[in-house]
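In this text the structure is predicted, and so the values were computed from the model without any measurement. Numbering starts at 1 and runs along the sequence shown.
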Amino acid sequence: MFDKNKNGVTDFTKRVNVFDSIIEPFGRGLYKPNANRIIKNFDDELVGELTFIDIKRENLGARYSLIDGQHRLHAIRMLFSNRVRFMMRAKVLPYREYQERAKRYVVLNTKRKNLTYIDAFKGRFESGEEKAILTMEILEKLDIGIKGYIEDRKYELKGVSIAEQLATYNVGKLERNQRLFNPFERTAKVLIIAYGHDATKIKLAMDSVMFEGIGKALIRKPHMDYEYLGLKMKEQDLAFLLGEFAEHRKAGKWIGKPAIDVHDFGLKGSKRIGC
């Protein structure tokens, strides 16, 4: 199937019908401005090699699975929509099972530094990575989606970086250093208690520095009454709280302190955290 040159190096490049391909769930989300730019300036001699994996044996309705070049393939399909064949040279890798295809996609795109965190997370989840699976389980439990990946849930995150760090806080740690709770789950519950009734506020809260601050406060103060914290936050002005967390980060202070301050406001003696 693949040729070797005189130095014995395998050549994966061959001429293929790029329409005979699919984009699997681990593929990148389509960024329309990028796709439109390629369509506007399309030159089939300069389009560059696409990369596929041969999946003919799986009978998925196409011979190839695309792992690099989604925007270019989209441009070709738009410009030549009246065709069923578009032959061009492409890199075709040998067959791999689905999870291995997802892993290859992540490695290829991460090394080239053109994956967003969400795209990388999507690929790692589809490949069966433990941390990504754990994060997704909690997202599903709390009815939280991710913009650009899962958007049919009640709440939504623009990004997933801090969420994943909090969701996988205990992974790989010695048992004595693990928390008896999941910091991401508790943080999300705090925000849902405080702002779940207001779509605009919950959207701002979910995608703010406050999310990280509350999570780190819960990690440092594991006995904090997080439900009480959510009710106290509900009483405060959201814009003020967002400013407090942002100022602490900007000044290099511990980002969890505003959460402690909100919890302790109006309390005396032993009811205050740390007393």
Side-chain angles (χ1 to χ4, degrees), residues 1-32 34-39 42-136 146 148-151 160 164:
M1 180 178 178
F2 304 107
D3 299 325
K4 290 188 176 181
N5 60 27
K6 61 183 179 181
N7 295 317
V9 177
T10 302
D11 181 8
F12 295 103
T13 304
K14 58 187 297 186
R15 191 169 176 81
V16 302
N17 175 19
V18 298
F19 279 9
D20 190 13
S21 65
I22 58 172
I23 298 171
E24 298 189 270
F26 53 76
R28 295 175 63 185
L30 189 67
Y31 182 57
K32 289 185 179 179
N34 190 10
N36 291 337
R37 185 170 61 253
I38 295 174
I39 292 171
F42 188 79
D43 185 331
D44 57 356
E45 293 182 352
L46 302 176
V47 70
E49 280 188 357
L50 281 68
T51 303
F52 299 95
I53 290 178
D54 192 321
I55 57 167
K56 182 180 179 181
R57 69 178 66 178
E58 291 191 12
N59 297 317
L60 297 179
R63 175 159 186 167
Y64 307 108
S65 168
L66 182 77
I67 62 169
D68 183 53
Q70 180 176 346
H71 289 86
R72 286 169 286 161
L73 181 59
H74 174 76
I76 291 169
R77 287 175 171 173
M78 290 293 292
L79 288 167
F80 305 99
S81 58
N82 60 328
R83 298 191 191 180
V84 294
R85 291 173 64 84
F86 189 90
M87 303 300 296
M88 62 182 294
R89 294 196 68 79
K91 182 178 288 185
V92 181
L93 305 180
Y95 174 75
R96 291 171 171 81
E97 293 184 351
Y98 180 80
Q99 288 194 345
E100 290 301 316
R101 296 199 291 271
K103 289 178 182 178
R104 176 53 50 186
Y105 159 82
V106 172
V107 170
L108 173 64
N109 286 279
T110 301
K111 284 186 175 181
R112 292 177 54 177
K113 299 181 179 179
N114 64 350
L115 270 187
T116 66
Y117 196 94
I118 291 176
D119 284 330
F121 173 80
K122 179 167 55 173
R124 291 189 291 104
F125 173 73
E126 296 291 343
S127 73
E129 184 187 289
E130 178 188 7
K131 288 186 175 182
I133 289 175
L134 175 59
T135 303
M136 186 63 77
I146 307 169
Y149 185 21
I150 300 170
E151 300 178 327
V160 73
E164 187 174 17

*Step by step, work out the side chain to side chain contact (heavy atoms under 4.5 Å, CB included) result for I150 and M136.*
CA-CA 10 Å; I150 300 170; M136 186 63 77; 3.6 Å; yes
Does any part of the side chain of [Y], heavy atoms only, come nearer than 4.5 Å to the side chain of [X], both counted from C-beta?
| X | Y | result |
| --- | --- | --- |
| T135 | F121 | yes |
| I23 | H74 | no |
| Y64 | L50 | no |
| F125 | P25 | no |
| F52 | I67 | no |

How many angstroms lie between [atom1] in [X] and [atom2] in [Y], if you round to the nearest 0.5 Å?
| X | Y | atom1 | atom2 | answer |
| --- | --- | --- | --- | --- |
| L93 | D54 | CG | CG | 10.0 Å |
| T13 | R15 | OG1 | CZ | 12.5 Å |
| I76 | F86 | CD1 | CZ | 5.0 Å |
| L108 | K91 | CG | NZ | 8.0 Å |

*Among I39, I38, N36, side chain to side chain contact (heavy atoms under 4.5 Å, CB included) partner for M78*: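 Of the listed residues I39, I38, N36, the side chain to side chain contact (heavy atoms under 4.5 Å, CB included) partner of M78 is I39.
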Please report the closest heavy-atom contact between [X] and [Y], naming both atoms and the distance.
| X | Y | result |
| --- | --- | --- |
| I133 | G128 | CD1-O, 3.4 Å |
| L73 | S21 | CD2-OG, 3.6 Å |
| G123 | F26 | CA-CB, 4.0 Å |

*Should the pair F80 and F42 be assigned to parallel (<30°), tilted (30 to 60°) or perpendicular (>60°) ring geometry?*
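F80 and F42: perpendicular rings.
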*Picking from R57, E58, E100, what satisfies side chain to side chain donor-acceptor pair (under 3.5 Å) with Y95?*
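Only one of R57, E58, E100 forms a side chain to side chain donor-acceptor pair (under 3.5 Å) with Y95, namely E58.
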*side chain to side chain donor-acceptor pair (under 3.5 Å) with E129: which of K103, Q99, R124?*
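Of all the options given, the one that passes is R124.
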Hey, does the side chain of [X] reach the backbone of [Y] with a donor-acceptor pair shorter than 3.5 angstrom?
| X | Y | value |
| --- | --- | --- |
| D20 | R63 | yes |
| N17 | V84 | yes |
| R96 | A102 | no |

*Show the numbers, then the answer: is there a side chain to side chain contact (heavy atoms under 4.5 Å, CB included) between R101 and I55?*
CA-CA 10 Å; R101 296 199 291 271; I55 57 167; 3.5 Å; yes
_A cation-pi test, strictly: NZ or CZ of R83 under 6.0 Å from the centre of the six-membered ring of F19 and no more than 45 degrees from its axis. Yes or no?_
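Negative - R83 is either too far from the ring of F19 or too far off its axis.
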*asked:* Under a 3.5 Å threshold, yes or no: a donor from one side chain and an acceptor from the other, between Y105 and E126?
replied: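 No - no donor-acceptor pair under 3.5 Å links their side chains.
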